[in-house]
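Read through the structure below, which is laid out as structure tokens, and then see the notes.
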Amino acid sequence: MVSGERVGLLLFMAAAVGFLVADSAQPVISGVSVEGHKGDESGPAARKGGADRSGEKPVPVLPRGVPKKIVLEPDGIHLSHPGVTQRLVATGHYGDGTSYDVTEACQYESLAPGVVTVSADGVLKAVAPGRVFVRARMGRTSSRISVSVANNQAGVTVNFGQDLLSIFTQKACNNPTCHGAIAGQNGFKLSLFGYDPKADYEMIVKDKNGRRVDLENPEQSLILRKPSLSVPHGGGLRLPKDSQEYQTILNWLRQRATYNADGPRVVDLEIFPKDRVLVGLGTTQHLVVLGHVSDGATRDMTREVRYQVKDENIVTVEPDGRAKAVAPGQTHVMIRGMGRVSVACVGVIKEPPPKDYPRLVADNFVDEAVFKQLRRLNLDPSELSGDDEFLRRVYLDVIGLLPTPAERERFLHDGRKDKRGRLIDELLARPEYAAFWTTKFEDSFRNHQTPIQSRAQGAFRRYIYRFLDEDRPYDEVVREMLSSVGDQTQNPAACFWAPMADIVVDDLKVNLATTTVSRLFLGSRMECVECHNHPLENLTQNDFFDLSAFFGQLRLKHGYEAYRRVWYLDPDRKVLHPRTKEPLKPGIPFDRSFPVRSTGDHRVDLARWITKPDNPFFSRAIVNRVWREYLNVGIVEPFDDFRTTNPPSNQELLDGLAHYLVANGFRLKAVHRAILNSRTYQLTSRPNRHNELDGPQLFTHYNVRMLPAEVILDALARVSGVEQRFQFYPKGTRAIDVIYPDYPGYFLDIFGYLQRLSLEERRKEPSLSQALHMMFGDTVLTKIQSKDNIIGQLLKAGKSDEEILNELFLKAYARNPAAEELNLTRRYLADGQEKGLERKEVFDDLLWIVLNSKEFMVNH
Amino acid sequence: MRIAPSDLKCCQGRRDFIKIGTMGLGGITLASLLRDQKLFASPAKDLNCIVLFQLGGNSQVDTFDPKPEAPPEVRGSFKAIKTAVPGIYFSELLPESAARLRKFAVIRSMHGDDAIHESAQQYVISGTKRRNDLVHPALGSVVTHEWGAKNGLPPYVAVPSMSRSGGAGFLGSLYDPFNAGDPNAKNFSVKDLTLPLGMKLEQAQARAELLKALDLRFRQVERAGLLERMDEFYQKAYDLVSSPAAKKAFDIAEESEKTRDSYGRTAVGQGALLARRLVESGVRVVTVFHGGYDTHTENEPGMKKVNTEFDRAFATLLDDLESRGLLETTLVLVLTEFGRTPRLNNYAGRDHWPRSFSVALAGVEISGGVVVGSTTPTASDPKDDPVSVEDLAFTVYKVLGIDPNKEFHANGRPIKIANNGKLIGALFT
């Protein structure tokens, strides 16, 4: 019944929630449920339970209505034999760009139920060999996928490698705190997350005279009695007797507990959907995991993997694969099983981006990638920075120096539209840029007195400085370093190897070289695989050994004088496999097909692979580092930990920067320019009311960060007008230009200067020692007390109170004081003078205040 | 502020803040570290630790492990003297320690394999070697992490300063030591802990208030978590400077001249005295770094100087702690990063020798008068009962009541704080 009154009510309600009935793709504020009156082409009446189609399941009411398109996943399902099941997940895509899990809202139909049947909640079951389409429908929208069934009976027997290891992984038996630990537990050791089925088989069936399995009385086997707590078990109750897993192991024992070596193995895992933004807090999403088996079949592993979420404050996942949106943001879900890993990217937004989502002005490809993601996640970036803010920031970020008041004046009065771009070019051309960034590279190449003695330390620094100053192609420099030999002072590129040497025995530590090279140039942390297969990546210990074989030929000896080091090649020297003692052949784990010569300097081949333009890691690793310096968080974070399970927060952005670098001949300044000229970099640091709680890797505003140690020290000198002296160095030397042999002095030490003995990054966190030293220590004190500091100079020049204050603010903050600040400081001055203090004394206090202020010590 | 740990947690199960272990995340802030005892385990016994670290590598042959029967180029020219334990001899450089051997234990069979100062120092003070990217925290940092602070004082103090090896490693800078400065310096005031000469507290206060006001304006506009954390430290720093309790704890001048003389007017002597004073006031771990042991040339004058100073300081510290009833609750460690070459070199010096070195322990449950292990006739390697650096760390944590198998999380994996060691049973006869 549709009365006029009712129509009026409908329209009112429609208007109240901001959409019109006729169009099915209107945004709706989540949480408002308007029963039966959703935008739907079939009209409001038909939505009430689908009454016009008898026998069909009623469609549950969703806030979204019928989607424009449905996508069924996983695709490529090949069921191995009759009886096997596979879950489906259905996604509804809507006109406003949002997607929802409609798995439970769809009606399913198999077009050949004699081959495959499908349950009401989307679970397939194989009936007989063949090929069939399965269809899912919601309202008028439908979709279908193809499913095939084979007749591979091999899977019917319980397969140790597949079935049992699945259980051990899913139930956490083989995780690092239990039996997967290096020493196992109580003498029972399993391979970590099941990467070595053979070893696990030996352990369970053969170890300790086979007392863990009892083939005559399978139920008495220790392998069952322990996890079902029939006997005491440190791990508690893991497999209740009535569980499917207990039954599987029992069946395996009944089948004589064979290894089934020829049995199919899971070779890869895929998670569906790979990428999803959940709309609405509390929204759920089915995740389905497809295992690819070596015989071509697929296997539903949804309940046989372990789920781990990077940030559980955003999304949680149950052991059965159901994800739930908790709070807005973006994170990743990692799955792990059978020695393989995979990852899905999941974002959460409270509500769909409104129609009036601001059109963000993209200045370049960086912005395009960032803003696309912001829109996807319904995030609201801050405003563009003002000139004052931008000026101070870009000076500090590029050259590590505060802008002088004169430089500021010039910039502010520059009327050209492209003045920011021009300033960026100017700064990148300055020698201070190279000096500042040299230190950053010296940190990662560990240019330090201990490994790189005396003169070589300076030579290496100059080498790096030249590379940056001349903007030499990065791939060239890396090839140079990787293939270097000779005396470190004569060929400073060879200093690269020094931190990986053992100077006591005069040799290169091949394992250290492997982990260093992979971290620096591939962004990959291979320390884990030195001892076992990687728990979070598809890398094995053999991969590590094969990579280490590239470095076996490099030898070290002392030169004429003490501390002169000479690198040379011993072309026949090989690296031996630590267990088998067989000589290893160098091989690239990430690209086994890459040709490696059997003679010659193996490092050259490795360098060739690393620096080739389409190497997926090299360009991404370096652009990620540069990005991180400017935005304070890498696109991949930690920045040298690229792995399947630690994907970039914005793939398009990372790819774009990497391609840009390659397209520009690996010259880094091009990447600097692209980042600095982007609107993303130039956003103000002030959050707006929407983005204050956004994680820093979403880049909705500039991330405030502490200045590096040398920059603060130089800034202290600049602002106070009192130079910092360095022993053995002439007047006018800046902290950034000093080569510190060993201990850099108390100030730099507590502000994070690295010891450079390990691959670590500078601490960017405040500390008590810093606070005490700044406020009461001698570094600042001597500057405050100096008669000829800036205060002294300005007083001598007869400047007024206001002029002095202004000058302080301009130098330290690159801005004029605000009215409130003027009032506060005027009052302080007046109080001081009342107490009988000298004018200089009171102003020295103000200088102290400025130097200790947070605004001075951070870049914002 | 939303927590966004960058490390994947490897283990499901209870997710307590302490596992995250990085400053500011999970609710551990400076304020809570110094004040909020609820967040920390109460130690079963309220124990302290004083470490006297001999920087540079103390020569075992010239101190705790003399070899009077070895050839002259090994034994040097120092004689061996009797100690309070019959049959045990020390070098003549340590007469006062020798007389008090019944109060402490010596391990002669320490061995390591790192001959580089910085990394060996870090190895010994943390019990675990540095790996490519993983730096284990020093003893004091772990204690801080476990027990928090007492009486609002910094729980871990380094005298004169951290020495680049005594830091918090992967635990984060919140657990770094507080640097006290050199208490032997004239007019010693703790590094950075006093107002400049002539400044009145009132003036300092006014100045601090204006700083606060300006900072507040900035923070309100920027609203970044980092600024809150910086502010916290600045506030605490200011509190420490104006706190009478803190001042008193560090005010070595309050000690009588007689006491100061008895420790010796040396860096290590006054350092040990300050350490005693600090643990009395509530500091949990004090590490005194004493330099000068790296005698590559002219070994004997060098060794004589530093060890004489050390001897006096160590002996007096033991006496002092004992008479104040503190020895039961204070673990005293004498550590060094490696030994020195048994054979003198061409410059009459000794070079680095990690294959054998000596350490000493006293207090709490450590039995006095015990000598653990022995070395070969030239002191080149352990002969009986070799003790590794890992064993030492394991034992020390056990004595303090901290579980060496306790797991922390760093770089995305669980790390045991002092695994791979075993208890040195001989210390507890």
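Sequence lines set the chain letters: A, B, ... in the order given, protein chains first and strands last, and positions in each chain run from 1. Worth saying up front: this structure is predicted, and the values here are computed from it rather than measured.
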Measure distances from [X] to the heavy atoms of chain B and classify the residue's part below 4.5 Å as side chain, backbone, both or neither.
| X | answer |
| --- | --- |
| Val858(A) | side chain |
| Ala818(A) | side chain |
| Arg763(A) | side chain |
| Lys764(A) | backbone |
| Met706(A) | both |
| Glu530(A) | side chain |
| Glu761(A) | neither |
| Ile784(A) | neither |

Inset, instruction - Using a cut-off of under 4.5 Å on heavy-atom pairs, state which of Ser685(A), Ala172(A), Ala183(A), Pro499(A) scores highest against chain B. - result: Ser685(A)

Legend entry - Selection from Arg827(A), Gln770(A), Met857(A) maximising heavy-atom pairs under 4.5 Å formed with chain B: Met857(A)

Look up atom [atom1] in [X] and atom [atom2] in [Y], then write down how far apart they are to the nearest 0.5 Å.
| X | Y | atom1 | atom2 | result |
| --- | --- | --- | --- | --- |
| Arg130(B) | Gln755(A) | CZ | CD | 5.5 Å |
| Met775(A) | Tyr234(B) | CE | OH | 7.0 Å |
| Glu222(B) | Tyr702(A) | CD | OH | 10.5 Å |
| Asn703(A) | Leu226(B) | CG | CG | 10.0 Å |
| Ser767(A) | Tyr175(B) | OG | OH | 14.0 Å |
| Arg756(A) | Glu118(B) | CZ | CD | 13.0 Å |

Inset, instruction - Taking the side chain as every heavy atom from C-beta outward, state whether Gln122(B) and Leu757(A) have any atom pair closer than 4.5 Å. - result: no

Legend entry - Check: Asp845(A) side chain, Arg207(B) main-chain N or O, donor-acceptor pair, under 3.5 Å: no

Legend entry - Polar side-chain atom of Arg217(B) near backbone of Glu821(A) as donor-acceptor pair, under 3.5 Å: no

Inset, instruction - Please identify each residue that fulfils salt bridge (charged side-chain N to carboxylate O under 4.0 Å, His left out) with Glu209(B), with sequence neighbours left out. - result: none

So which heavy atom on [X] is nearest to which on [Y], and how close?
| X | Y | result |
| --- | --- | --- |
| Pro766(A) | Phe233(B) | O-CE1, 3.4 Å |
| Val135(B) | Ser758(A) | CG2-OG, 3.8 Å |
| Ala213(B) | Leu824(A) | CB-CD1, 4.1 Å |

Legend entry - Segment of Ala224(B) engaging chain A (4.5 angstrom heavy-atom cut-off): side chain

Legend entry - Lys835(A) atom NZ, over 12 foreign heavy atoms within 6.0 Å: yes

Inset, instruction - Return yes when atom NZ of Lys212(B) has more than 12 non-hydrogen atoms of other residues, nucleotides or ligands closer than 6.0 Å, and no otherwise. - result: no

Legend entry - ring-ring contact (aromatic ring centres under 6.0 Å, His included) involving Tyr123(B) - partner list, sequence neighbours excluded: none

Inset, instruction - Let me see the working for Leu772(A) and Asn179(B) under side chain to side chain contact (heavy atoms under 4.5 Å, CB included), right down to the final yes or no. - result: CA-CA 10 Å; Leu772(A) 280 169; Asn179(B) 298 315; over 6 Å; no

Legend entry - Pair Thr177(A)-Glu407(B), side chain to side chain contact (heavy atoms under 4.5 Å, CB included): steps then yes or no: CA-CA 10 Å; Thr177(A) 55; Glu407(B) 268 173 9; 3.8 Å; yes

Legend entry - Between Leu214(B), Val221(B), Asp231(B), the one whose heavy-atom pairs under 4.5 Å with chain A are most numerous: Val221(B)

Inset, instruction - Kindly determine whether Asp176(B) and Ser769(A) satisfy side chain to side chain contact (heavy atoms under 4.5 Å, CB included), including the steps that lead there. - result: CA-CA 9 Å; Asp176(B) 271 341; Ser769(A) 300; over 6 Å; no

